[in-house]
Novice: 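For reference, the structure I am asking about is given below.
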Number of protein chains: 2
Amino acid sequence: MAVTIKDVARVAQVSPSTVSRVIADNPRISEETKRRVREAMDELGYHPNFQARSLVVKSTKTIGIIMPNSATQVLENPFFPEVLRGISLIARENRFGIYLSTGATQEEIFEEVIQMVQGRRVDGIILLYSKTDDKIMKYLLDEDFPFTVIGRPFHNAERITYVDNDNIYATKQVTKYLIDKGYKKIAFIGVNTEDVFTIDRMEGYKQAMEEAGIPIKEDYVIHEKWLKENEKEAIIDYFFSKELPTAIVLTDDFLAIKLMSIAEDLSIRVPEDISLVSFNNIMLCQYMRPPLSSVDINIFQLGLEAANCLLDKINHPETLPKRITIPAKMIERKTCAKIIKEQNE
Amino acid sequence: MAVTIKDVARVAQVSPSTVSRVIADNPRISEETKRRVREAMDELGYHPNFQARSLVVKSTKTIGIIMPNSATQVLENPFFPEVLRGISLIARENRFGIYLSTGATQEEIFEEVIQMVQGRRVDGIILLYSKTDDKIMKYLLDEDFPFTVIGRPFHNAERITYVDNDNIYATKQVTKYLIDKGYKKIAFIGVNTEDVFTIDRMEGYKQAMEEAGIPIKEDYVIHEKWLKENEKEAIIDYFFSKELPTAIVLTDDFLAIKLMSIAEDLSIRVPEDISLVSFNNIMLCQYMRPPLSSVDINIFQLGLEAANCLLDKINHPETLPKRITIPAKMIERKTCAKIIKEQNE
DNA sequence: CTGAAAGCGCTTACAG
DNA sequence: CTGAAAGCGCTTACAG
């Protein structure tokens with residue numbers, strides 16, 4: 001059986017209370033007995049039992065991380081490991097552990113969240129995504145449980161601490177960049193009604209277009225599913241059924257990479273025939289040919305700050321909700337042509 | 001404060017013991033009182049406290065996952081999310097939670113492992129990697145703590161349950177495939193002395209070459225670092241300082257993708273001038289141009305089986321160590337030329 | 001400076 | 001079929 005505080009007490013010839021106090025390095029214990037107790041601990045190979053400690057101090061020193069549902073392939077995206085790396089850094093520095101959700105559907109995940117908070121498995125939660133329709137945030141808010149979200153909450157944002165890029169602004173800038181080069185036939189690929197960040201990015205695209213006085217063609221705003229789920233043939237048909245855009249803003253590098261491969265098959269040249277800018281700046285962007293221009297959203301930083309905010313909330317429950325904005329920066333590579341001049345039809 | 005078993009007992013007019021028994025669905029409790037207790041639980045919104053339960057039953061219902069150290073960029077690799085998806089599936093089915101390591105260095109990770117097992121934070125551990133030099137496995141073995149590894153343990157393999165591909169065999173097949181096409185100047189990129197799987201893959205390469213009677217040129221066996229860490233210029237120099245291989249086996253898709261981009265810059269054509277096969281078959285392979293031939297190692301399955309084995313070990317501590325081999329299968333795409341005939345120099 | 005006692009929220013023999 | 005009691009391994013007032 002594992003060695004407990006009692007065993008140590010016996011060997012060190014003190015009471016269990018005293019052993020507990022030297023673990024906490026209580027200043028009221030004499031150096032002499034601290035030494036003796038520590039010796040005993042080493043001798044026996046004592047390690048405190050976490051469960052027991054948690055039970056009495058009512059803190060688990062672990063943070064729960066809710067991933068997007070693993071049934072989809074969102075996880076193929078390097079976003080996830082990178083954000084985890086940021087969170088890990090802070091967790092480790094503060095000696096917190098990480099407890100991960102495993103649910104495959106929204107419903108399962110919701111159940112897990114309830115388990116985590118009611119079962120006192122974690123001290124706080126980081127939501128790795130923000131959906132337009134999600135019971136979790138509301139639940140957490142109602143329970144007044146510490147949490148933080150990566151992305152902009154669709155509801156109750158003013159009551160929630162979250163960290164996000166300014167997606168509207170960033171996409172506006174990117175679109176402007178294209179407009180300034182002279183493009184007018186600019187499409188936007190990758191909205192979906194569930195993910196708030198895609199909605200924000202679309203909004204930024206629209207604002208830039210409007211400010212430039214370029215009318216937005218409805219079939220230039222394209223749902224993420226269209227590129228993700230369609231067979232190559234369907235996409236090709238689409239491309240040839242209407243006037244091709246000359247530049248495209250995409251919400252995700254993966255979409256851009258898929259599109260580039262299709263373009264190549266169709267002998268549509270990037271950037272000569274069509275310019276591309278996407279988001280996330282995954283490592284692979286630089287290895288594409290041509291190398292892909294992409295907005296670096298600082299995923300690591302997103303995770304790091306989310307963890308920081310959460311710990312802050314856990315340690316100071318009264319801190320007010322706040323928003324942290326992580327800068328995003330376009331990395332120019334070779335998928336956008338130089339200045340061109342385009343007629344508006 | 002959270003509602004406890006006592007609160008439920010009071011409302012349902014039974015003893016706490018009885019409430020505990022209806023939670024466990026003990027058959028000795030009458031349906032009538034079960035109903036009453038459950039009503040009380042619903043009414044109060046009762047959820048069992050996990051810490052307390054763990055403490056007495058001495059089981060945490062959570063498995064620890066040890067990731068490779070997050071200081072490096074290994075995590076950029078989609079291997080990780082995918083293996084996690086497999087583990088999650090099994091964990092969830094068995095109502096186990098997942099506790100994740102956060103360490104950035106080998107030493108930190110080792111400390112964490114000790115915490116996990118001594119602090120009774122987890123019931124068992126899955127090691128996501130196998131290194132040639134690693135104290136963790138030895139420690140776990142000495143402690144007789146349930147664990148499972150993904151990859152082949154370099155030491156004590158006969159005493160450890162692990163799941164792996166047959167990397168030697170798989171690489172041998174791939175190399176043979178190239179040899180059968182008529183290649184002789186075949187290089188191997190991506191060994192490193194730390195990761196057992198790269199050593200196994202190199203071994204397979206060597207065996208195939210030897211069996212075909214093709215002498216192995218030393219500078220055709222190339223360390224992973226060479227491609228990962230060098231600047232483009234250094235790599236270019238290297239390529240032109242010696243006779244170019246006509247085919248290359250790479251241990252990882254990322255290496256292949258990087259190499260393809262460099263080749264394109266040098267106007268070395270794939271597959272006309274140089275054929276390529278790599279490992280992992282990440283989603284992006286199909287979007288490369290030309291689409292990259294790669295060995296599908298079934299990452300999801302690797303995770304799933306590792307979790308299965310671990311649960312088996314947790315539930316039946318006496319089960320003997322075993323090895324599970326997950327099949328690997330080369331997905332032929334367009335990076336290997338058709339039959340050619342090559343002179344051996 | 002240190003110890004005895006109570007308690008965190010559960011489970012599980014033991015008894016009836 | 002159900003309850004009282006002891007205990008899991010800790011921490012922390014309270015007392016001295």
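These values consider heavy atoms only, across backbone and side chains, with no hydrogens, waters or symmetry-generated copies. Within every chain, numbering begins at 1; the chains are lettered A, B, ... in the order of the sequence lines, protein sequences first and strands thereafter.
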Novice: Below 4.0 angstrom, N of the basic side chain to O of the carboxylate: do Lys313(A) and Glu318(A) qualify?
Specialist: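 Salt bridge: no.
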Novice: Residues of residues 26-39 of chain A with any non-hydrogen atom less than 4.0 angstrom from an atom of DNA chain D: list those, numerically ordered, please.
Specialist: none
Novice: Could you summarise the pairing of DNA chain C as dot-bracket text, marking Watson-Crick and G-U pairs under 3.5 Å with ( ) or [ ] inside the strand and | across strands?
Specialist: |||.||||||||.|||
Novice: Look at the side-chain N and O atoms of Arg53(B) and state whether any lies under 4.0 Å from the OP1 or OP2 oxygen of dG9(C).
Specialist: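 No, Arg53(B) has no side-chain N/O under 4.0 Å of OP1/OP2 on dG9(C).
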Novice: I'd like to check Leu128(A) versus Ile66(A) (side-chain heavy atoms, cut-off strictly below 4.5 Å). Are they in contact?
Specialist: no
Novice: Taking atom P of dG9(D) as reference, at what distance in whole Å does atom CG of Leu55(A) sit?
Specialist: 12 Å
Novice: Using a heavy-atom cut-off of 4.0 Å across all strands, would you classify Phe50(B) as base, sugar-phosphate, or nothing?
Specialist: nothing
Novice: Checking Ser15(B) against Thr18(B): is there a side-chain donor and acceptor pair closer than 3.5 Å?
Specialist: yes
Novice: Taking side chain as C-beta onward, heavy atoms only, is Met67(B) less than 4.5 Å from Tyr129(B)?
Specialist: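 Contact flag for Met67(B)/Tyr129(B) side chains = no.
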Novice: So does Glu111(A) pair up with Arg95(B), basic N to acidic O under 4.0 Å?
Specialist: no
Novice: By the 4.0 Å heavy-atom rule, please label Thr4(B) as base, sugar-phosphate, or nothing.
Specialist: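 Thr4(B): backbone/sugar contact only, no base atoms under 4.0 Å.
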Novice: Does any donor atom in the side chain of Thr60(B) or Asp123(B) lie under 3.5 Å from an acceptor atom in the other side chain?
Specialist: yes
Novice: For Arg21(A) and dA15(D), give me the distance from atom CZ to atom C1', rounded to whole Å.
Specialist: 11 Å
Novice: Do NZ/NE/NH1/NH2 and the carboxylate oxygens of Lys138(A) and Asp142(A) come within less than 4.0 Å?
Specialist: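 A salt bridge links Lys138(A) with Asp142(A).
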Novice: Can you tell me how far P of dC10(D) sits from CD1 of Ile23(A), to the nearest Å?
Specialist: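 Rounding to the nearest Å, CD1 of Ile23(A) and P of dC10(D) are 7 Å apart.
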Novice: Is the closest basic N to carboxylate O distance between Glu82(B) and Arg85(B) below 4.0 Å?
Specialist: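 Answer for the salt bridge query: yes.
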Novice: OP1 or OP2 of dT11(D) less than 4.0 angstrom from a side-chain nitrogen or oxygen of Ser20(A), does that happen here?
Specialist: yes
Novice: Between the side chains of Glu39(A) and Arg35(A), is the shortest nitrogen-to-carboxylate-oxygen separation below 4.0 Å, so that they form an ion pair?
Specialist: yes
Novice: Hey, is the side chain of Lys58(B) poking within less than 4.0 Å of OP1 or OP2 on dG9(D), counting only N and O atoms?
Specialist: yes
Novice: Quick one: is dG3(D) close enough that its OP1 or OP2 comes under 4.0 Å of any side-chain N or O from Ser17(B)?
Specialist: no
